[in-house]
2 protein chains.
Amino acid sequence: MPTDASVPPRVRASDELRQAALEQFATVGFAASSLQQIADHAGYSKSSVLYHYASKEALLEAAIGPSIDRLESLLGDFVAGGRSAAAQAVFIERFVDFLLGNRLAVHTFVNQGQSLRGLPVIERANTAIRGLADSICADDASLAEQMRFGVALAGATYTLVAGATFLDDDEQQFADADVRDALISVLSELLLTADGRPTR
Amino acid sequence: MPTDASVPPRVRASDELRQAALEQFATVGFAASSLQQIADHAGYSKSSVLYHYASKEALLEAAIGPSIDRLESLLGDFVAGGRSAAAQAVFIERFVDFLLGNRLAVHTFVNQGQSLRGLPVIERANTAIRGLADSICADDASLAEQMRFGVALAGATYTLVAGATFLDDDEQQFADADVRDALISVLSELLLTADGRPTR
DNA sequence: ACGGTAATTGACCGATCGGTCAGCTCCTGC
DNA sequence: GCAGGAGCTGACCGATCGGTCAATTACCGT
């Protein structure tokens, strides 16, 4: 009789495994993550992992694919929406929210996008990142201009995503909302070129 | 009789192996680099690798240790030299030169500093990077201020070091000198706070 | 009560991993 | 001429890798 009172709390094994795999991939890397470790971490056997996911590569696809979808969607909206200062500001906000909401996945395909070349899902991620850089950076921009974009995107991503490694432990406890605001302000400062700042 | 006319051109096997290992570690990652691959890439056998270097970890130490030494030295000079705007400008220049001259090693210990935790040489690198962030960033800085530093350092590092993955192939051919100038100007813009810019 | 399917597991496979060891070829000092 | 060390290598070791497979369990509609 209860529509869904007893069913919803149960977590699906495939979801638990996918989450455990994502954490392993992000923290120790795809190559160094064994199916055995992932299974142990999730409380299943290695065979169960391979029952739910056809291969280690399929597990990576399931772990980071959705985040790449969101990035592609974000990128598509931006390309379609023009490059006015207002549109860029909106994009920066959405991009920071994307980073905050997909830290582990972004960490995985940004940090390992080079070493894992050849895997289809990684190629998709690299293509999206490349498109991101191309679309936000005018083709005729000077080298300094391009460098500014590169530093902003890479810096924001790396700071958020790998900050756990290098920042003070104190800073770890900053609320995401504060980090979000600070990051948006720094990115705006770097990326909004419509405010009359010349090449340099 | 010739003092060193015939000897110097010969390259030492240990150097060839160290260089091949560095390239493998930077491009496919430490975990995914096998001693066999490194040996093949350098034109030796796996046994030869283990003759010159006691272990895979010792090979990593030999490959990136010297670069970490230089980073520590750079950091020590900066700490001892005060934090005037002029000193910061000099530091930025030296830091960019360090990045340009140690791309592969920096790529290795920045990108894998988290996943390879526990290896002594990696701990040393992480400590140096942490010291870099602490020393260039005032303790009482606002979150936005700290974020600016984080974005600058991480962005500069990642842009230079992993840029090959995401930047246009066209940009690959920019001369190092041009990249150096552009990067120094962007970093100066972000890091030099003595020019009267307030927190935001 | 029963047939079927989804879920889970341990046993097992070939390949490859980092590392050890004995032996081989040189070159050099005596 | 020869002892000896440096450089280099193939054979080999136990461990672990990703992946296959058959068997077991639990739950389902009929």
Side-chain angles (χ1 to χ4, degrees), chain A residues 1-2 4 6-25 27-64 108 112 115-116 118-122, chain B residues 1-2 4 6-25 27-64 108 112 115-116 118-122:
Chain A
M1 180 56 64
D4 57 352
S6 59
V7 177
R10 94 173 153 206
V11 286
R12 297 195 310 165
S14 60
D15 292 337
E16 290 185 282
L17 290 169
R18 181 174 41 75
Q19 179 62 23
L22 179 56
E23 290 168 6
Q24 286 287 306
F25 292 157
T27 55
V28 306
F30 179 77
S33 298
S34 71
L35 296 179
Q36 188 67 63
Q37 290 173 12
I38 295 170
D40 292 348
H41 194 270
Y44 291 86
S45 72
K46 187 179 72 169
S47 296
S48 279
V49 178
L50 287 163
Y51 170 77
H52 289 283
Y53 300 95
S55 67
K56 190 182 178 184
E57 184 179 329
L59 187 50
L60 176 67
E61 157 97 46
I64 68 174
T108 300
Q112 305 175 54
S115 59
L116 297 183
L119 306 188
V121 66
I122 294 292
Chain B
M1 180 54 67
D4 57 349
S6 60
V7 178
R10 95 172 154 208
V11 286
R12 297 194 309 166
S14 60
D15 293 336
E16 290 185 283
L17 290 168
R18 181 175 40 74
Q19 179 62 24
L22 179 55
E23 290 167 5
Q24 286 287 307
F25 293 158
T27 54
V28 306
F30 178 77
S33 298
S34 70
L35 296 179
Q36 189 66 64
Q37 289 174 11
I38 295 170
D40 292 348
H41 193 269
Y44 291 86
S45 72
K46 187 178 74 169
S47 296
S48 278
V49 179
L50 288 164
Y51 169 78
H52 290 282
Y53 300 95
S55 66
K56 190 183 178 184
E57 184 179 330
L59 187 49
L60 177 66
E61 157 97 47
I64 68 175
T108 300
Q112 305 175 56
S115 58
L116 298 183
L119 305 187
V121 66
I122 292 293

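No side-chain donor-acceptor contact under 3.5 Å links B:Lys46 to the backbone of B:Gln37.
In this structure A:Tyr51 satisfies the side chain to side chain contact (heavy atoms under 4.5 Å, CB included) test with no other residue, sequence neighbours excluded.
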Taking N or O atoms only and anything under 3.5 Å, show me the protein contacts with nucleotides 10-17 of chain D, one pair per line.
{"from": "D:dG10", "atom 1": "N7", "to": "B:Ser47", "atom 2": "OG", "distance (Å)": "3.1"}
{"from": "D:dG10", "atom 1": "O6", "to": "B:Ser47", "atom 2": "OG", "distance (Å)": "2.2"}
{"from": "D:dC17", "atom 1": "OP1", "to": "A:Ser34", "atom 2": "OG", "distance (Å)": "3.1"}

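No side-chain heavy atom of B:Phe30 sits under 4.5 Å from any side-chain heavy atom of B:Ile122.
When all heavy atoms of A:Ala13 and A:His52 are compared, the closest pair comes out as CB-NE2, 3.7 Å.
Summarising the geometry, the separation between CG on B:Leu50 and C1' on C:dT20 is reported as 9 Å, rounded to the nearest angstrom. Across the protein-nucleic acid pair, A:Tyr44 atom OH and D:dT25 atom P stand 19 Å apart, rounded to whole Å. Rounded to whole angstrom, the span from the OH atom of A:Tyr53 across to the C1' atom of C:dT8 amounts to 15 Å. Atom C1' of nucleotide D:dG7 and atom NE2 of B:His52 are separated by 6 Å, given to the nearest angstrom.
Checked by atom type, the side-chain pair A:Asp40/A:Gln36 shows a donor-acceptor distance below 3.5 Å. In summary, the side chains of B:Glu16 and B:Tyr44 do present a donor paired with an acceptor at a separation below 3.5 Å, with no hydrogens or angles considered.
In this model, the phosphate group of C:dA7 is approached by a side-chain N or O of A:Tyr51 to a distance below 4.0 Å at OP1 or OP2.
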